[in-house]
K.L.:
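Just dropping this structure here.
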Amino acid sequence: TIRGKMEHIDVYKVIEGKSPKLARRIPRFVIKYLERTIHKDEINEILSLYGDMQGVDFARATLKHMGISYHSIGMERLDRNGRYVFASNHPFGGMDGMMLADEVARYFGDVRVVVNDLLMHLDPLKNIFVPVNKHGRQKAGSVDAFNDAFASDIPIITFPAGLCSRRRHGVVCDLEWKNNFIRKAVQSERDIVPVYFEGKLS
C-alpha cells in the first residue's frame, strides 16, 4: 500500500545539488556503491509507506517497521521546563537519531536534531532537523535556523563527533568530539545532557 506520495531519494541528484561539477565526475559504479551503502532501496520503500507522516511520527513508524526496540533511562530525572542540549554518541547512524528524537519528544513534547544538511533530502524529518553544512560555507537560512533553534525552549540533540562511530581494533567508538556545541550551549544558557547509546546490531 502506498500511503504517501513522497519523492524518492536519488543519490546522483543529491550530489548534483551539492556540487554539480563533482557529480559529473563521479563514475556510475561509484553512485551504485553509494546507493548500496546508504540502503537507498530500503529508504525509498519506507518513504513510500510512511511519507505522509512528519517528524517524530515518521521516525516512530520507521523504527517500528524495522523491528527496532529501545528505551531510555534517566529522562525522568530532567526538569520538563529545562532547556537542554542532548549530546550523544553515534553508533547506529540515523537509527540512533530517530530513537533519541522519539524519547526526547515523548518527555518534552518536541525536539530538534542537528544534522548534516544532506539529510534535509528526507522530507518527512525536515521539520525536526537543524541543518549544518559540513562540506562548505553555511547558507544564511541554515545559520538563522541554527541560531533560532538554540534560542528557543525546544530541546536539541547533537552528535558532537559529526560522523557515525567507527570500528577501531574491534571496538565501535566515536571519533573525537568537536567542542563547539559546548560554546553554543553556554551562549544559549542551555544545560548539556550527555547521552550514551548501548545496544546491539543485528
Side-chain angles (χ1 to χ4, degrees), residues 17-18 53-63 68-166 172-199:
K18 194 77 170 173
M53 297 181 175
Q54 294 292 313
V56 174
D57 289 337
F58 174 81
R60 289 171 183 160
T62 298
L63 293 165
I68 296 174
S69 60
Y70 51 98
H71 70 280
S72 61
I73 299 171
M75 195 78 72
E76 70 282 355
R77 296 200 295 267
L78 298 175
D79 181 357
R80 288 181 184 272
N81 297 315
R83 300 177 68 250
Y84 299 109
V85 174
F86 292 83
S88 176
N89 64 325
H90 205 7
F92 305 133
M95 297 303 97
D96 49 43
M98 289 193 290
M99 284 185 271
L100 186 53
D102 181 17
E103 292 294 295
V104 171
R106 283 183 192 276
Y107 191 76
F108 290 95
D110 204 351
V111 68
R112 295 293 180 269
V113 187
V114 178
V115 299
N116 187 314
D117 64 347
L118 289 172
L119 291 179
M120 296 301 285
H121 289 275
L122 293 170
D123 280 350
L125 293 170
K126 285 172 68 172
N127 68 331
I128 64 170
F129 280 172
V130 180
V132 174
N133 187 346
K134 295 183 178 294
H135 305 287
R137 183 174 298 177
Q138 299 292 340
K139 296 179 181 178
S142 295
V143 173
D144 290 341
F146 187 83
N147 290 333
D148 288 347
F150 273 86
S152 75
D153 293 330
I154 300 172
I156 293 174
I157 294 169
T158 187
F159 298 95
L163 295 169
C164 296
S165 305
R166 298 290 187 266
V172 176
C173 60
D174 266 13
L175 302 175
E176 183 179 352
W177 282 19
K178 310 298 188 297
N179 62 10
N180 53 341
F181 77 98
I182 298 174
R183 182 180 68 254
K184 196 64 183 176
V186 171
Q187 289 175 351
S188 58
E189 299 182 339
R190 288 175 174 263
D191 292 324
I192 295 172
V193 180
V195 177
Y196 178 70
F197 269 93
E198 184 175 6

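The shown structure was predicted, so the numbers you read here are calculated from the model rather than taken from an experiment.
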K.L.:
Under 4.5 Å between any side-chain heavy atoms of K184 and N147, yes or no?
P.N.:
yes
K.L.:
Check whether any side-chain heavy atom of D96 lies under 4.5 Å from a side-chain heavy atom of F159, and answer yes or no.
P.N.:
yes
K.L.:
Pairing donors with acceptors under 3.5 angstrom, does anything connect the side chains of H90 and D174?
P.N.:
no
K.L.:
Where is the tightest heavy-atom contact between G55 and L125, given as atom of each residue plus distance?
P.N.:
O-CD2, 3.4 Å
K.L.:
Distance check, rounded to the nearest 0.5 Å: Y107 atom OH versus R77 atom CZ?
P.N.:
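Nearest 0.5 Å value for the OH-CZ distance: 10.5 Å.
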K.L.:
Considering all heavy atoms of both residues, which atom of C164 and which atom of G93 are nearest to each other, and what is their separation?
P.N.:
SG-CA, 3.4 Å
K.L.:
R83 side chain to N81 main-chain N or O, any donor-acceptor pair under 3.5 Å?
P.N.:
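Between the backbone of N81 and the side chain of R83 there is no qualifying donor-acceptor contact (under 3.5 Å).
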K.L.:
For A87 and P160, which heavy atoms make the closest approach, and how far apart are they?
P.N.:
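Result for this residue pair: CB-CG, 3.9 Å.
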K.L.:
Find out whether I192 and I182 are in side-chain contact, i.e. whether some heavy atom of one side chain is under 4.5 Å from a heavy atom of the other.
P.N.:
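Yes; the side chains approach each other to less than 4.5 Å.
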K.L.:
Heavy-atom distance under 4.5 Å between the side chains of I156 and V130, does that happen here?
P.N.:
no
K.L.:
Once rounded to the nearest 0.5 Å, what's the spacing between atom CZ of R112 and atom CG of N127?
P.N.:
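Separation between the atoms: 6.5 Å.
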K.L.:
Looking only at heavy atoms, which two atoms of R190 and F150 are closest? And how far apart?
P.N.:
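Closest approach of R190 to F150, heavy atoms only: NE-O, 3.1 Å.
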K.L.:
Hey, what do you get for OH (Y70) to CG (L63), rounding to the nearest 0.5 Å?
P.N.:
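These two atoms lie 4.5 Å from each other.
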K.L.:
Under the side chain to side chain contact (heavy atoms under 4.5 Å, CB included) test against T158, which residue among V114, V115, V132 passes?
P.N.:
V114
K.L.:
Test D79 against Y84 for side chain to side chain contact (heavy atoms under 4.5 Å, CB included), laying out the working first.
P.N.:
CA-CA 10 Å; D79 181 357; Y84 299 109; 3.5 Å; yes
K.L.:
Could you point out which residue of M98, R106, M99 forms a side chain to side chain contact (heavy atoms under 4.5 Å, CB included) with D102?
P.N.:
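So, applying the side chain to side chain contact (heavy atoms under 4.5 Å, CB included) to D102 and each of M98, R106, M99, only R106 qualifies.
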K.L.:
What orientation do W177 and F181 show, parallel under 30°, tilted 30 to 60°, or perpendicular over 60°?
P.N.:
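Correct class here is perpendicular.
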K.L.:
Please state whether the rings of F108 and F86 are parallel, tilted or perpendicular, taking 30° and 60° as the class boundaries.
P.N.:
perpendicular
K.L.:
Of all heavy-atom pairs between V56 and A101, which one has the smallest distance, and what is that distance?
P.N.:
CG2-O, 4.1 Å
K.L.:
Is E76 atom CD crowded by more than 12 heavy atoms from other residues, nucleotides or ligands, each under 6.0 Å away?
P.N.:
yes
K.L.:
Would you say D117's side chain and P131's backbone share a donor-acceptor pair under 3.5 angstrom?
P.N.:
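No; zero donor-acceptor contacts below 3.5 Å.
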K.L.:
Quick one, I157 with V111, criterion side chain to side chain contact (heavy atoms under 4.5 Å, CB included). Give me CA distance, side-chain angles, the key distance, then yes/no.
P.N.:
CA-CA 7 Å; I157 294 169; V111 68; 3.6 Å; yes
